[in-house]
Every structure is written in C-alpha cells, then in structure tokens.
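Have a look at the structure below before the remarks.
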Amino acid sequence: VSGAAHRTERTFWPAAVIGFAIMGFGVRELWRFVPDADRRFAIITWIVGLDLAHDLLLAPLVVAVGLGLRRVVPGRAWAPLTFGLFATAVVVAIAWAPLRGYGRVPDNPSIQPLDYSDTTTRALALVWLGTAVWIATSAARARSQRRSEAGQAGAQVPRGPAGIHDHVGARDRGRAVAEQEHH
Amino acid sequence: MLRRAATLIRTSTHARPAGIRRSELRDERTAALLGVALGLAFTVCFLTGLLSHLVQDSAGWFHLPSRPAGLYRVTQGLHVATGLATIPLLLAKLWTVFPKLFEWPPVRSIAHGVERAALLPLVGGSLFLLVTGTNNIYRWRPWDFSFRAAHYATSWITVGALVVHIGAKLVTTRAALARPAAPAAPDHVDGTASGSLSRRAFLGSTAAVSGLVTLFTVGQTVAPLRGLAWLAPRRPDIGPQGIPVNRTARGAGTAAIDPDAYRLVVDGPGVPTPRTFSLAELQALPQHTATLPIACVEGWSATAVWSGVRLRDVLAAAGVEASDCTVHSLQRRGPSRTAPVHRGQVADGDTLLALRIGDEPLHPDHGFPVRLIGPNRPGVHQTKWVARIEVHR
C-alpha cells in the first residue's frame with residue numbers, strides 16, 4: 001500500500017471529465033430539489049459522516065474482530081465463522097429499525113407487519129445452521145484428507161506427475177508469485 | 001504523527017503469522033470481481049431509480065406507457081431488491097480495499113489526487129444511498145430532509161464518482177480478471193488459503209449473504225416467497241382487504257366521508273361544462289373489473305381485483321375524449337394528494353375509478369368511496385379518496 005509509483009491509466013482523464021460533469025449535475029440537482037441551505041448541509045453531513053463512521057469505526061472494528069478470530073479459532077473454522085458473523089451483522093443491520101420499532105405507524109399495521117424479533121431469530125438460526133454445516137463438512141473433509149495422506153505415506157507411493165506433492169509445489173510457486181506482486 | 005498512525009494501521013491490517021503470505025482477499029483480482037458486481041448493481045439501481053423519478057417528476061415530460069401493466073412493479077421491486085443485495089457487496093469491497101486508505105504518500109500525482117478526491121463522494125454517497133434507502137423502506141426517517149430529493153441528487157453524484165473510479169481502474173481491473181487465478185491449494189477445502197481466508201470462500205460468503213438478504217426480503221413483491229420475507233417491511237397479503245397501504249384514511253383525514261354527500265367533480269379547461277357525479281351515479285355507469293398490481297416505489301407490491309368505472313367512460317359522460325388529466329384527492333397534504341394521468345393511461349380500458357376490491361366496497365384505507373387504479377403506475381399516483389378530475393386541453 002505504499003512506495004509504488006502511481007500509474008495513471010489511459011482511461012482516467014476522459015472518465016474524470018465525464019464523471020465530474022455528472023457529479024456537477026448531481027450537485028445542481030441537489031440545489032434545485034433542496035433549496036433550503038440547512039437541509040443541504042444536513043445531507044452533506046450525512047454523506048461525510050457515514051464515510052467517516054465506516055473508515056474510523058466500522059472497518060477498524062471488523063479488522064480487530066478478524067484478528068481476534070484468528071487467535072482463538074482453528075484455521076478450518078475461519079471461513080464458516082466469517083460467513084456467520086458477516087451474515088449476522090448484515091441481517092441485524094437491515095432489521096435494526098423494525099427490531100427497535102422505529103418507523104412503525106400505530107394505525108397502519110401493514111407497515112412492519114411481523115414480529116421481527118421472531119423472524120430475525122429465524123433468519124439468524126438459518127444462517128448459523130448453515131455455518132455449523134460448513135464447519136462440520138470442513139472438519140470431515142480435513143479428516144478424510146489426513147487419512148488419505150497417511151495412507152499414501154504408509155504405502156510409500158512414489159512421487160508422480162499428478163501427486164499431491166506436485167500440487168503443493170504449484171501452490172508454493174503461486175505463493176512466490178503473489179509475494180513478488182505484493183512486495 | 002499522521003504518518004506513524006498510518007503505518008500502525010497498515011501493519012495491523014496485514015498482521016499475520018510469520019511465513020504466511022498476504023491474504024489474497026486484498027489483491028486486485030478480489031477487488032476487481034467485487035467492483036464489477038458492484039458496478040452492475042449500481043447501474044441497475046440507478047436506472048430503475050431514475051425511471052421512477054422521471055415518472056413522478058412534476059415537470060411531467062416523461063410518461064410511462066400503460067402496458068405492460070406490471071413494468072413499474074418489476075423495476076421498483078428490482079430497485080429495492082438490488083439495493084439491499086448490494087449492502088454485503090459494498091461492505092466486502094470496502095473491507096478489501098481498506099488498507100489503500102492509508103497509502104503513503106497520500107497523493108503522488110495530480111491524477112492520483114483527483115482519483116482519491118472522487119472516493120469521498122463515491123464511498124460516502126454509496127453508504128448514504130444504502131443506509132437511508134434501507135431505513136426509508138421501513139419508514140424510519142431520522143433526518144430532516146426530503147428522502148426522495150436527497151436520494152435522487154446523491155445518486156447522480158455517486159454515479160459520477162463511480163465513472164471517475166472506473167476510469168482510474170479499468171485497465172487494472174481488466175488485467176486482474178484476464179490473469180488466470182492462482183491454482184487452488186489443497187487447504188482450500190476448508191475455505192482457507194495459507195493462513196488466511198481463501199478468495200473463493202470470501203466471495204462465496206459475500207454472494208451467500210447477498211442471496212440471503214434477497215431471500216428474506218424479496219417476498220414483499222414476489223408473492224410466492226412472502227412466507228420467507230422475514231426481514232421485509234411489508235407483506236403483500238397483510239393489510240386491509242389483504243392489501244398493504246402506505247397512508248391510512250385516519251392519517252389522511254378522510255376517515256369520515258359520507259357516501260351520500262360524496263360528489264366527484266369533472267372540470268378543468270378541457271371540459272366545456274363541468275359535471276358532478278354522486279356515488280350512486282358512478283355505480284350506475286357500466287362497471288369494469290381489472291386485475292392489477294399496486295406497486296410502491298419502496299419495493300413492495302400486491303395484486304388485487306378492482307371493479308369500478310372506466311376513467312374514459314366518466315370523461316365521456318362529461319362530454320370529453322380521453323385527455324391529459326390531474327386527479328385530486330380529498331386528502332389535504334402529502335405527495336399523493338394529486339396525480340397526473342396521461343391521455344394514454346386514460347384511454348386504457350383498465351384505468352378505473354375503482355369502487356370495489358373483490359366483492360367488497362373499498363376499505364376507507366384503500367380510498368373509499370372512489371380511488372384511481374391503473375396499469376403500470378407508481379403507487380403514489382394511484383390516488384385515493386378521489387374528489388376531482390381536472391381535464392387539461
């Protein structure tokens with residue numbers, strides 16, 4: 001993320017001219033449809049505030065959770081747990097308003113018509129059922145893979161062109177390429 | 001000090017056990033794949049949103065044809081479903097590129113500075129559209145501005161910033177997607193790759209979360225899936241007479257309309273002699289039945305069987321041909337108080353002044369005694385408690 005020279009792509013300046021023209025039109029429409037300066041300021045505050053909230057609060061929090069997960073959870077459970085936590089966060093974020101009763105209209109039962117505590121629990125139960133199945137499947141595959149490797153080692157199978165060792169060699173070559181690309 | 005902070009964040013976002021390579025989740029291929037998906041999703045949202053804005057714009061130069069009857073239902077259902085499905089995509093993309101926020105030096109050239117300047121409206125605008133858009137469909141509006149105006153203007157600003165970003169990344173993206181992916185390692189079977197999540201597991205999880213969000217909400221417009229609409233703000237079968245409503249009669253101040261005193265006025269510059277109809281006179285005109293959806297810009301829709309008088313028949317009884325009209329409601333405030341009806345809509349035989357849903361008179365919340373219902377119209381233009389039809393020349 002640092003040190004490399006910035007290369008300007010040939011498509012950049014034409015796109016920048018078009019893009020900033022579209023943004024300018026959007027700003028003009030903002031002034032046209034929101035003539036009140038205080039309301040415009042409120043909209044801009046929301047836009048900047050959400051950006052800052054993501055960059056300074058949400059993203060660091062996710063990074064911290066990810067690092068913590070690596071320390072306490074075995075590697076084969078990272079992927080399913082990442083899915084489970086990601087899905088849970090998104091489901092709860094979307095259901096936040098009805099869970100809290102925000103936006104409900106007392107004389108209009110067709111708005112937010114469900115018991116959202118119940119339905120959100122059902123959604124999360126489905127998410128974590130899927131997560132549990134994924135973890136169990138991964139564990140079963142890992143056991144099967146270990147047994148297969150142990151069997152091959154016991155039989156002293158000679159290294160062939162399609163053997164597991166060549167596959168690992170390909171992986172390591174891929175790692176080396178990736179290291180070169182990143183550093 | 002700023003530089004030290006940036007270094008600290010860079011190192012913490014890449015902290016990994018010794019000997020383990022950097023995660024492939026932060027590489028150009030992952031960012032490119034998510035970027036393409038986001039670009040498609042934003043294009044769908046922008047075009048369907050723009051369509052709805054133009055239909056509702058008071059300037060009135062754009063008119064939807066009356067057929068196909070369910071087009072608006074599809075476009076707005078798609079708009080909201082795509083917007084909701086975009087939430088996981090956007091979060092995954094922002095997570096993938098988060099370390100780039102701390103690039104040092106922050107600006108390396110004029111082009112780089114312009115590119116980075118466009119990221120604020122791109123990221124802030126995207127978050128604004130999705131956060132306020134989601135809250136809006138739940139009718140939770142903790143802000144003091146017009147959602148529609150803000151959503152519309154911000155969408156142009158965000159799309160403009162997206163065009164700048166595409167221009168900055170197009171060659172890189174094409175190259176990243178053209179390169180063959182690194183061969184799958186044996187440890188990919190558990191969703192990890194060399195001490196990190198594999199790209200396949202990460203992208204698969206993101207797609208699965210988007211799919212689940214869609215599954216749990218799209219039933220508000222796709223009726224067969226309504227039983228799974230666990231997070232949807234509406235159900236197409238819940239409401240008075242089995243149809244949702246946005247505004248109740250009580251909320252509109254129209255709960256106590258006396259059917260005997262009710263009168264429908266047809267007037268305006270296009271009518272030689274204004275005409276008034278009582279409810280009994282409307283009931284005495286030829287009745288027509290149509291099965292039509294009522295579709296809201298907020299993404300829900302429901303189908304009902306409506307019966308009443310064809311609008312064109314009412315105009316004919318007043319001595320005028322199918323012409324452009326404005327329909328006025330008895331409600332005094334709100335965007336649904338009046339609605340334009342283009343002559344093409346008036347001429348459609350399924351555009352009704354409805355008096356009944358199924359076998360029953362309209363419920364007060366559905367516009368008793370008379371409401372407008374027509375094919376391929378936004379719900380806000382399906383005017384309830386109709387009091388006057390103003391015919392234009």
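Per-residue heavy-atom pair counts under 4.5 Å with chain A were compared for Ser155(B), Pro244(B), Gly239(B), and the maximum is reached by Pro244(B).
Contact annotation for Ile94(A): both backbone and side-chain heavy atoms come within less than 4.5 Å of a heavy atom of chain B. Contacts between Phe216(B) and chain A at a heavy-atom distance below 4.5 Å involve the side chain alone, from C-beta outward. At a 4.5 Å heavy-atom cutoff, Asp38(A) makes no contact with chain B through either its backbone or its side chain. Proximity to chain B (any heavy atom under 4.5 Å) is restricted, for Leu126(A), to the side chain, taken from C-beta onward. In this structure, chain B has a heavy atom under 4.5 Å from the side chain of Val90(A), while its backbone stays farther away. Interface remark: Ile135(A) contributes no atoms to any contact with chain B (heavy atom separation under 4.5 Å).
At a cut-off of 3.5 Å, with distance as the only test, no side-chain donor of Trp96(A) or Thr134(B) sits close to an acceptor on the other residue. A donor-acceptor contact closer than 3.5 angstrom links the side chains of Glu29(A) and Tyr152(B). Using modelled atom types, one finds no donor on one side chain facing an acceptor on the other under 3.5 Å when comparing Arg141(B) with Asn135(B).
Proximity of a side-chain donor or acceptor of His366(B) to a complementary backbone N or O of Pro240(B) within less than 3.5 Å is detected.
Judged by the 6.0 Å and 45° rule, Arg104(A) forms no cation-pi pair with Trp140(B).
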